[in-house]
**Student:** 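One structure coming up, written as structure tokens, with questions to follow.
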Amino acid sequence: MTEITNPVIQEYAEAHTTPEPQLLLDVAAATRDFSPMAMMMVGRLEGRFLNLLVGAIAARRVLEIGTFTGYSALAMAAAMPADGRIVSCEVDPAHAEFARGNIASSPFASMIEVRLGPAIETVRSLEGPFDFVFIDADKRSYPDYYEASLSVLRSNGLMVADNVLRSGRVLDLEANDPDIVGIKRFNEIVVADARVECAMLPIRDGVTLIRKL
């Protein structure tokens, strides 16, 4: 992933963000050993951003599309009450198994359910309302994930979509990579959707914060 923020500024921002608890430090270290794609993990800055948003709206039901190794689910769970619940969708069996291990050894094991299978099928099987949705899965499917998630998100609920700048490649008018095309289509759909209001933020690889009206 190409940096879109000056690395020195990124380091400064992380240094002035509440540190990760030991649990997340351990998950991050384990993720780096587990996967060559460890950069897919949200990390300290975005993890704290998710934690703060979930806590700020007192979310009790959270939907996550894309579990990876469980870091983001655990970051969000830490801001929720003990009876809060997270449904996290993962299509990769190895990722799901690894995440379940990280979750099982955490204080939040009873709060997080990892559902294996195509996320769009899982989301369509769920009953709302959810208070918060985090989308961080295959980029070409973002438009579909958005529509399905919006249908189970409560009014005034929040949705966060990750990687909406794709290392700046959204500016390439000739890009034909399905992931880039999917992200660009998603970005255009959201900003034109009268059902929501949104703000795109250059955090890490770009996140869009969406509020359902």
Side-chain angles (χ1 to χ4, degrees), residues 1 3-5 7 9-82 84-90 92 95-96 98-109 111-114 119 130-137 139 145 149 157-167 199-210:
M1 185 173 67
E3 298 284 354
I4 61 171
T5 302
I9 295 296
Q10 180 76 14
E11 290 177 9
Y12 185 86
E14 290 181 357
H16 291 82
T17 294
T18 300
E20 299 155 291
Q22 189 61 48
L23 169 64
L24 292 184
L25 289 172
D26 291 344
V27 171
T31 298
R32 288 189 286 270
D33 290 337
F34 167 73
S35 173
M37 300 298 290
M39 76 286 294
M40 294 196 306
M41 182 174 54
V42 298
R44 176 174 176 176
L45 188 61
E46 191 174 352
R48 181 54 56 179
F49 179 68
L50 293 171
N51 177 280
L52 288 173
L53 289 175
V54 166
I57 67 167
R60 304 183 77 89
R61 296 192 75 206
V62 170
L63 171 61
E64 177 178 57
I65 300 178
T67 311
F68 191 35
T69 61
Y71 184 105
S72 50
L74 290 166
M76 292 186 287
M80 298 172 69
R85 294 293 181 267
I86 297 176
V87 176
S88 186
C89 308
E90 178 56 56
D92 187 303
H95 291 171
F98 191 80
R100 284 171 176 155
N102 289 328
I103 292 164
S105 61
S106 79
F108 310 110
M111 298 171 60
I112 305 170
E113 176 189 2
V114 177
F130 284 84
D131 304 301
F132 189 91
V133 177
F134 178 47
I135 302 176
D136 186 15
K139 312 311 169 188
Y145 294 149
S149 298
L158 294 181
M159 184 184 303
V160 171
D162 199 12
N163 304 116
V164 295
L165 294 177
R166 292 301 285 169
S167 301
M200 183 181 286
L201 309 172
I203 297 173
R204 206 161 171 265
D205 192 33
V207 298
T208 294
L209 179 59
I210 302 161

**Student:** Is there a side-chain contact between Val62 and Asp131 (heavy atoms, below 4.5 Å)?
**Tutor:** no
**Student:** If I take atom CG from residue Asn102 and atom CG from residue Leu74, how far apart are they, to the nearest 0.5 angstrom?
**Tutor:**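 One finds 7.0 Å between CG of Asn102 and CG of Leu74.
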**Student:** Just jot down the side chain to side chain contact (heavy atoms under 4.5 Å, CB included) partners of Leu25, sequence neighbours excluded, or say none.
**Tutor:** Glu20, Gln22
**Student:** Give the minimum heavy-atom separation between Ala79 and Val54, together with the two atoms involved.
**Tutor:** CB-CG1, 4.2 Å
**Student:** With rounding to the nearest 0.5 angstrom, report the CE to CG distance, Met200 to Leu209.
**Tutor:**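 Rounded to the nearest 0.5 Å, the CE-CG separation comes out at 11.5 Å.
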**Student:** Could you tell me the separation between the OG1 atom of Thr208 and the CG atom of Leu201, rounded to the nearest 0.5 Å?
**Tutor:**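 Interatomic distance, Thr208 OG1 to Leu201 CG, rounded to 0.5 Å: 7.5 Å.
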**Student:** Not counting sequence neighbours, list each pair that qualifies as a salt bridge (Lys or Arg N to Asp or Glu O under 4.0 Å) and has a residue in residues 58-81.
**Tutor:**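 Every pair satisfying salt bridge (Lys or Arg N to Asp or Glu O under 4.0 Å) with a residue in residues 58-81: Arg60-Asp83.
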**Student:** So which pairs with a foot in residues 48-59 pass side chain to side chain donor-acceptor pair (under 3.5 Å), sequence neighbours left out?
**Tutor:** Arg48-Asn51
**Student:** At what distance, to the nearest 0.5 angstrom, does OG of Ser149 lie from CD1 of Ile65?
**Tutor:** 3.5 Å
**Student:** Given side-chain contact (heavy atoms from CB on, under 4.5 Å), test Thr17 with Phe49 step by step and report yes or no.
**Tutor:** CA-CA 9 Å; Thr17 294; Phe49 179 68; over 6 Å; no
**Student:** Can you list the residues that meet the side chain to side chain contact (heavy atoms under 4.5 Å, CB included) rule with Asp92, with sequence neighbours excluded?
**Tutor:** Glu90, Ala94, His95
**Student:** Tell me, please, which residues at least two apart from Tyr145 pass ring pair (Phe, Tyr, Trp, His ring centres under 6.0 Å).
**Tutor:**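 With sequence neighbours excluded, Tyr145 shows a ring pair (Phe, Tyr, Trp, His ring centres under 6.0 Å) to no residue whatsoever.
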**Student:** Return a table of donor-acceptor pairs under 3.5 angstrom between the side chains of residues 28-40 and protein atoms on other chains or two or more places apart.
**Tutor:**
| unit_1 | atom_1 | unit_2 | atom_2 | d |
| --- | --- | --- | --- | --- |
| Thr31 | OG1 | Val27 | O | 2.7 |
| Thr31 | OG1 | Thr69 | OG1 | 2.7 |
| Ser35 | OG | Met37 | N | 2.9 |

**Student:** I need the minimum non-hydrogen distance between Leu24 and Tyr71, along with the two atoms involved.
**Tutor:**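 Distance-wise, the nearest heavy atoms are O-CE1, 3.5 Å.
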**Student:** For residues Leu165 and Pro202, report the shortest heavy-atom separation together with the two atoms involved.
**Tutor:**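 Heavy-atom minimum between the residues: CD1-CA, 4.3 Å.
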**Student:** For a quick test of reading the model, state the closest non-hydrogen atom pair linking Ser167 to Asp205 and the distance between them.
**Tutor:**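 Of all heavy-atom pairs spanning Ser167 and Asp205, the closest is N-OD1, 2.6 Å.
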**Student:** Run the salt bridge (Lys or Arg N to Asp or Glu O under 4.0 Å) test against Glu11 and tell me which residues pass, sequence neighbours left out.
**Tutor:** none
**Student:** Roughly how far apart are Leu63 CG and Phe134 CZ, rounded to 0.5 Å?
**Tutor:**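 Going from CG on Leu63 over to CZ on Phe134, the span is 11.5 Å.
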**Student:** Just jot down the salt bridge (Lys or Arg N to Asp or Glu O under 4.0 Å) partners of Asp136, sequence neighbours excluded, or say none.
**Tutor:** Lys139
**Student:** List for me each residue that meets side chain to side chain contact (heavy atoms under 4.5 Å, CB included) alongside Ala77, sequence neighbours excluded, and say none if there are none.
**Tutor:** Ile86, Phe108, Met111, Ile112
**Student:** Of all heavy-atom pairs between Arg204 and Met41, which one has the smallest distance, and what is that distance?
**Tutor:** NH2-O, 2.9 Å
**Student:** Does a side-chain heavy-atom distance below 4.5 Å link Asp26 with Ser105?
**Tutor:**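 No. Closest side-chain heavy atoms not under 4.5 Å.
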**Student:** Quick check: closest heavy atoms across Gly47 and Ala75, and the distance to 0.1 Å?
**Tutor:**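 Scanning both residues completely, I find the closest heavy atoms to be O-CB, 3.8 Å.
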